[in-house]
Asks: 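My questions will all concern the structure given below.
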Amino acid sequence: MMGKHTMRDAISIKKWHGPQDVVDVGMYVQIKRERQASIQYKGDHAQFRIDPDPESNEYAASRISEIDSRLEVEQRVKRWRPTLDKLVAGKFRVRFTHEQTAVTYNLLLWNAPLKKDRGIPATSIGVTRGCASNFEYSAVIAQNIIANQHTGNLSGDVLEINKLREAANWLCMTEWHWVYVILAENWAQIEVEQGDNRKVVAETRLVKPVEALGFVFSVDNEVFPGRYVPVSAREPEGFDMACFEAGHLQ
């Protein structure tokens with residue numbers, strides 16, 4: 001467990017006074033369709049939101065990312081790569097606005113594999129709410145995922161995708177909770193914590209040594225790569241983040 005270790009080479013965001021707090025740790029603020037999507041900075045946390053717009057299927061996203069998605073896929077720089085003697089770890093404290101959703105949330109390590117019609121096989125390790133999990137809050141560890149835009153199917157090595165209502169049935173996603181991600185070359189683990197409860201909700205060996213990855217925290221209306229849907233909820237969709245820290249475990 002991360003609680004038994006300290007981190008070196010660490011980055012952290014514990015105060016959210018404005019986008020400069022994100023930029024200062026080497027991350028990018030990415031807002032798509034500013035009339036609908038936003039990040040609001042409240043000092044002790046940030047609010048990631050997408051407002052309802054049932055008449056529009058334009059891409060809308062509220063995101064911070066360690067990876068600059070404006071670059072071509074092959075040129076994107078990713079900060080974290082584990083080695084035989086060095087683990088990668090991250091933790092973040094979040095809560096969601098709604099238990100039910102029809103938009104996509106990704107709070108995880110990944111390789112930012114997509115750009116328009118081009119892409120590479122995806123790796124994702126963290127928590128998600130999207131088509132792969134039937135839009136339920138889930139822990140995911142997946143490698144070599146390829147999305148077929150013509151058939152709407154995903155293929156690859158989904159090693160674990162565990163719905164948290166089953167893996168940690170005490171967890172209330174609309175209340176503050178912690179997510180912990182630990183990554184080795186050939187192994188990954190995800191824990192959640194809320195109150196006095198803490199549990200490993202996904203843990204598995206990987207099919208091959210993991211590539212370099214970066215953290216992303218996002219809500220958007222892209223329900224499948226290249227496929228966008230109107231946000232028809234009555235209230236804004238999104239999540240709040242109070243703390244993010246990542247580094248190498250000692």
Asks: Step by step, work out the side chain to side chain contact (heavy atoms under 4.5 Å, CB included) result for Val23 and Asp21.
Replies: CA-CA 6 Å; Val23 174; Asp21 290 326; over 6 Å; no

Asks: Which distance, rounded to the nearest 0.5 Å, do you find between the CD1 of Ile64 and the CD1 of Ile39?
Replies: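 CD1 of Ile39 is found 6.5 Å from CD1 of Ile64.
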
Asks: Answer yes or no: is there a donor N or O on one side and an acceptor on the other, between the side chain of Lys78 and the main chain of Gly214, under 3.5 Å?
Replies: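 It does not hold such a pair.
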
Asks: Report yes if some heavy atom in the side chain of His45 is under 4.5 Å from a heavy atom in the side chain of Met241; otherwise report no.
Replies: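 Contact flag for His45/Met241 side chains = no.
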
Asks: With a cut-off of under 6.0 Å to the ring centre and 45° to the axis, is Arg129 in cation-pi contact with Tyr105?
Replies: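 Yes.
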
Asks: May I have all residue pairs that pass ring pair (Phe, Tyr, Trp, His ring centres under 6.0 Å) and include part of residues 12-35, sequence neighbours excluded?
Replies: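 For residues 12-35: none.
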
Asks: Of all the heavy-atom pairs spanning Ala122 and Asn111, show the shortest one and how long it is.
Replies: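 Shortest heavy-atom separation between Ala122 and Asn111 comes out as CA-OD1, 3.5 Å.
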
Asks: So, Asn221 side chain and Val103 main chain: donor-acceptor pair closer than 3.5 Å or not?
Replies: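 No; judged by distance alone, with no hydrogens or angles, the pair does not exist.
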
Asks: Between Val29 and Pro19, what is the shortest heavy-atom contact and its length?
Replies: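 Closest pair (atom of Val29, atom of Pro19, distance): CG2-CB, 4.1 Å.
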
Asks: Has Glu66 got a side-chain atom pairing as donor or acceptor with Phe215's backbone, closer than 3.5 angstrom?
Replies: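 Checked: pair present.
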
Asks: Can you see which heavy atom on Gly126 is nearest to which on Ile190, and at what distance?
Replies: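 The answer is O-CD1, 3.2 Å.
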
Asks: When you measure from the side chain of Glu99 to the backbone of Met173, do you find a donor-acceptor pair of N or O atoms at a distance under 3.5 Å?
Replies: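 Judged by distance alone, no pair lies under 3.5 Å.
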
Asks: Less than 4.5 Å apart, any side-chain heavy atom of Glu191 and any of Trp178?
Replies: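 No, side chains not in contact.
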
Asks: Within the distance-only criterion (no hydrogens, no angle test), does the side chain of Asn106 pair as donor or acceptor with the backbone N or O of Thr128 below 3.5 angstrom?
Replies: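 No.
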
Asks: Stepwise, does the side chain to side chain contact (heavy atoms under 4.5 Å, CB included) test hold for Phe224 with Val229?
Replies: CA-CA 9 Å; Phe224 193 83; Val229 299; over 6 Å; no

Asks: Measuring from atom CZ of Arg227 to atom OG1 of Thr104, what distance do you get when rounded to the nearest 0.5 angstrom?
Replies: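 The distance works out to 11.5 Å.
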
Asks: How does the hydrophobic cluster around Tyr228 look, that is, which other residues are in it when side-chain heavy atoms under 4.5 Å mark a link?
Replies: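 Once heavy-atom contacts under 4.5 Å are chained together, Tyr228 belongs with Tyr59.
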
Asks: So, Trp176 and Gln194: side-chain donor and acceptor under 3.5 Å apart, yes or no?
Replies: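 On atom types as modelled, these side chains do not qualify, holding no pair under 3.5 Å.
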
Asks: Hey, could you give me the OG/CD1 distance between Ser138 and Ile161, rounded to the nearest 0.5 Å?
Replies: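 Reported to 0.5 Å precision, the distance equals 5.0 Å.
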
Asks: If I compare all heavy atoms of Asp68 with all of Gln30, which pair ends up nearest, and what's the gap?
Replies: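 Here Asp68 and Gln30 meet closest at CA-NE2, 4.3 Å.
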
Asks: Verify the distance criterion only: is there a donor paired with an acceptor across the side chains of Gln36 and Asp51 at less than 3.5 Å?
Replies: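 Asp51 and Gln36 do not have a side-chain donor-acceptor pair below 3.5 Å.
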
Asks: Quick one: closest heavy-atom pair of Val223 and Cys131, and the distance?
Replies: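 Heavy-atom minimum between the residues: O-SG, 3.2 Å.
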
Asks: Between Ser56 and Glu58 (side chain of the first, backbone of the second, donor and acceptor by atom type, cut-off under 3.5 Å), is there such a pair?
Replies: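 Confirmed, Ser56 side chain pairs with Glu58 backbone.
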
Asks: Is there side-chain contact between Leu107 and Val94, with at least one heavy-atom pair below 4.5 Å?
Replies: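 The answer is yes; the side chains approach within 4.5 Å.
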
Asks: Could you tell me whether Asp220 and Arg33 make a salt bridge, using a distance below 4.0 angstrom between a side-chain N and a carboxylate O?
Replies: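 No salt bridge links Asp220 with Arg33.
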
Asks: Of all the heavy-atom pairs spanning Pro82 and Val210, show the shortest one and how long it is.
Replies: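 Residues Pro82 and Val210, closest heavy atoms: CG-CG1, 3.3 Å.
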
Asks: Could you tell me whether the side chain of Arg95 and the main chain of His177 form a donor-acceptor pair under 3.5 Å?
Replies: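 Flag not set: sc Arg95 to bb His177 has no pair under 3.5 Å.
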
Asks: Taking Thr97 for the side chain and Gly238 for the main chain, is one N or O donor matched with an acceptor at less than 3.5 Å?
Replies: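 The answer is yes, because a donor-acceptor pair under 3.5 Å joins these two groups.
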
Asks: So, does Ser65 use its side chain to make a donor-acceptor pair with the main chain of Ile67 at under 3.5 Å?
Replies: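 Yes.
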
Asks: Taking it one step at a time, do Trp110 and Leu213 satisfy side chain to side chain contact (heavy atoms under 4.5 Å, CB included)?
Replies: CA-CA 5 Å; Trp110 75 329; Leu213 304 172; 5.5 Å; no

Asks: Kindly indicate whether the side chain of Leu159, heavy atoms from C-beta on, has any atom under 4.5 Å from the side chain of Leu206.
Replies: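 The answer is yes, as the side chains (C-beta and beyond) meet within the 4.5 Å cut-off.
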
Asks: Would you mind reporting whether Val219 and Phe239 have side-chain heavy atoms less than 4.5 Å apart?
Replies: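 In short, these two side chains touch, coming nearer than 4.5 Å.
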
Asks: Out of curiosity, does Leu171 fall in the hydrophobic cluster containing Phe135 (side-chain heavy atoms, cut-off under 4.5 Å, transitive links)?
Replies: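 No, no single cluster joins them.
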
Asks: Could you give all pairs that pass the side-chain hydrogen bond (donor to acceptor under 3.5 Å, both in side chains) test and reach residues 161-174, with sequence neighbours left out?
Replies: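 Listed once each, the pairs are Glu136-Lys163, Glu136-Arg165, Glu160-Asn162.
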
Asks: Please report the C-alpha distance between Leu108 and Val140 in whole Å, then the side-chain angles of each, then the deciding distance to 0.1 Å, and finally whether the side chain to side chain contact (heavy atoms under 4.5 Å, CB included) criterion is met.
Replies: CA-CA 9 Å; Leu108 43 76; Val140 62; 4.2 Å; yes

Asks: Would you give the length of the straight line joining atom CG of Leu249 to atom CG of Asp9, rounded to the nearest 0.5 angstrom?
Replies: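 Leu249 atom CG to Asp9 atom CG measures 11.0 Å (nearest 0.5 Å).
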
Asks: Do Leu109 and Val207 land in one hydrophobic cluster if side-chain heavy atoms of ILVMFWY residues count as linked below 4.5 Å?
Replies: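 Yes, Leu109 and Val207 fall within the same hydrophobic cluster.
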
Asks: Under 3.5 Å, is there a donor-acceptor pair between the side chain of Ser62 and the main chain of Ile31?
Replies: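 Side chain of Ser62 to backbone of Ile31, a donor-acceptor pair under 3.5 Å: no, none is there.
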
Asks: Do Tyr180 and Gln189 come close enough that some side-chain heavy atom pair is under 4.5 Å?
Replies: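 No - every pair of side-chain heavy atoms lies 4.5 Å or more apart.
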
Asks: Taking the ring centre of each residue, are Phe217 and Phe244 less than 6.0 Å apart?
Replies: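 Between Phe244 and Phe217, which both carry aromatic rings, the centre distance is below 6.0 Å.
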
Asks: Could you check whether any side-chain heavy atom of Glu55 comes within less than 4.5 Å of a side-chain heavy atom of Pro230, counting everything from C-beta outward?
Replies: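 No - every pair of side-chain heavy atoms lies 4.5 Å or more apart.
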
Asks: Do the non-hydrogen side-chain atoms of Glu237 and Thr101 ever get within less than 4.5 Å of each other?
Replies: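 Counting from C-beta outward, Glu237 and Thr101 do come under 4.5 Å.
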
Asks: Distance from Lys86 atom NZ to Glu185 atom CD, nearest 0.5 Å?
Replies: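 The NZ atom of Lys86 sits 10.5 Å away from the CD atom of Glu185.
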
Asks: Looking at OG1 of Thr204 and CH2 of Trp187, how far apart are the two atoms once the value is rounded to the nearest 0.5 Å?
Replies: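 The distance works out to 10.5 Å.
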
